Amino acid sequence: MTGVTKWTGREADLLRLAMRKTGREFAELVGVNPRQIPRWRQRGETIDLELDNQAALDTLLAQATPDVQQRFATLLTERAATEDDARAEELLRRDPRTRRHPVDGKVMTLVEAGIYLAGPDNRSIWLEPYLIDVYPTTNEDYQRFVLATGHRPPQHWPAGQCPTALANHPVVWVTWHDAAAYARWAGKDLPSARQWEKAARGPRGRIYPWGNEPTAAKANTAEAGIGATTQVSRYQSGVSPFGVFDLCGNVWEWCSTVAEPGRHELKGSAFTSPFERSAPSLRNAADAGMKDNDTGFRCISAV
């Protein structure tokens, strides 16, 4: 994936609505002929915009006021709730770096061997190659594990059944032990904090998965005002250089790294956390038995 956000005509029109601009006003800001704007709206998801248009839209979103960013996030969330958006996964199926895991069926992507810039001080760290789940473990994924093993279901499932409306949301109310049990069942592992961070920042040490601009609208953090988890494919403009989703916001993710006896590192922040806590270089930890409505996980495996 490129470093520039993959905008479609539909997303551009939602930004126009969030900014409360007419087609002509929006065209002037983007630097295109006003006749392009209705064309983008009509073509919707079927048109990927030119790179210079995408860069202009990235800049508009980055420089927008918090109110505009929140309106944009809300409009995108409403769209995701009413449409089964398989576009991102279809793109991933065509990406030669990705493959589907034989046990849990999740799409995983390759993180190549090499040095990456780690931590707030950007230390050079070498990691061997590995595969990481493109999306966090969803309620639907976890249901397969529960049915196969008899493991205790999360407390938010009515009568122990995965809620249909939350099937493609990250599973929550899971302890580190629950996450590790899922990983063992799938023949995977939980990522170390360094593996997780490299998947989020890329080899060149981006501050955020999408780049260095602190754009709250690219993640489900407290500023979005959603107050709940969202679909794991929702934030297409917030993917990392390796094509991994939801590495900022939505849910905190358990890592294998031990912070101190009985405590493990968490990464990524959540819908309950302020955006300032979402930078992948930051550290957090919790007791292995902790579970909450904003904590989930994803897995890695050997190449």
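Just so it is clear, the model here is predicted, and its values are computed rather than measured.
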Discussion item. Set out, in order, the CA-CA distance, both residues' side-chain angles and the distance that settles side chain to side chain contact (heavy atoms under 4.5 Å, CB included) for Thr221 and Ser273, then state yes or no.
Written reply: CA-CA 6 Å; Thr221 57; Ser273 304; 5.9 Å; no
When you measure from the side chain of [X] to the backbone N and O of [Y], does any donor-acceptor pair fall under 3.5 Å?
X      : Y      : result
Asp246 : Tyr235 : no
Lys267 : Ala193 : no
Trp157 : Gln143 : no
Asn212 : Ile207 : yes
Ser240 : Ala199 : yes
Glu223 : Phe275 : yes
Thr109 : Gly243 : no
Asp104 : Ala186 : no
Trp252 : Ala285 : no
Arg16  : Phe26  : no

With a cut-off of 6.0 Å (strictly less than), are more than 12 heavy atoms of other residues, nucleotides or ligands near [atom1] of [X]?
X      : atom1 : answer
Glu50  : CD    : no
Glu28  : CD    : no
Arg263 : CZ    : yes

Of all heavy-atom pairs between [X] and [Y], which one has the smallest distance, and what is that distance?
X      : Y      : answer
Arg41  : Asp13  : CD-OD2, 3.3 Å
Gly289 : Thr175 : O-CG2, 3.3 Å
Pro241 : Arg201 : CG-O, 4.0 Å
Leu110 : Val303 : CD1-CG2, 3.7 Å
Thr229 : Asn293 : CG2-O, 4.4 Å

Practice prompt. Any chance you could pull the hydrophobic cluster mates of Ile115, using side-chain heavy atoms under 4.5 angstrom and chaining through other members?
Written response: Trp126
Practice prompt. List, by chain and number, the other hydrophobic cluster members for Leu282, where Ile, Leu, Val, Met, Phe, Trp and Tyr join if side-chain heavy atoms come within less than 4.5 Å, directly or indirectly.
Written response: none
Discussion item. Going by salt bridge (Lys or Arg N to Asp or Glu O under 4.0 Å), Asp133 matches just one of Lys106, Lys188, Arg298. Which one?
Written reply: Lys188
Discussion item. I'd like to know if Phe271 and Leu247 are part of one continuous hydrophobic network [Ile/Leu/Val/Met/Phe/Trp/Tyr, side-chain heavy atoms within less than 4.5 Å].
Written reply: no
Worksheet item: Given the rule in the side chain to side chain contact (heavy atoms under 4.5 Å, CB included) test, do Asp292 and Val172 qualify, once you have shown the distances and angles that lead to the verdict?
Response: CA-CA 7 Å; Asp292 210 336; Val172 293; over 6 Å; no
Fill in: Identified side-chain contact (heavy atoms from CB on, under 4.5 Å) counterpart of Trp210 within the set Thr215, Asp58, Val239
Thr215
Discussion item. For His151 and Tyr142, take the angle between the two ring planes, folded into 0 to 90°, and tell me which bin it lands in: parallel under 30, tilted 30 to 60, perpendicular over 60.
Written reply: perpendicular
Worksheet item: Looking at side-chain heavy atoms only, is the closest gap between Asn284 and Glu265 below 4.5 Å?
Response: no
Practice prompt. Report yes if the side chains of Met108 and Ser301 come closer than 4.5 Å at any heavy-atom pair, otherwise no.
Written response: yes
Fill in: Residue pair Arg39 / Asn33, side-chain donor-acceptor N/O under 3.5 Å
no
Discussion item. For the CZ atom of Arg204 and the CG atom of Asn122, what is their distance to the nearest 0.5 Å?
Written reply: 13.5 Å
Practice prompt. Any chance you could measure Lys218, atom NZ, to Cys248, atom SG, to the nearest 0.5 Å?
Written response: 11.0 Å
Fill in: Derivation and outcome, side chain to side chain contact (heavy atoms under 4.5 Å, CB included), residues Phe145 and Val171
CA-CA 12 Å; Phe145 160 65; Val171 68; over 6 Å; no
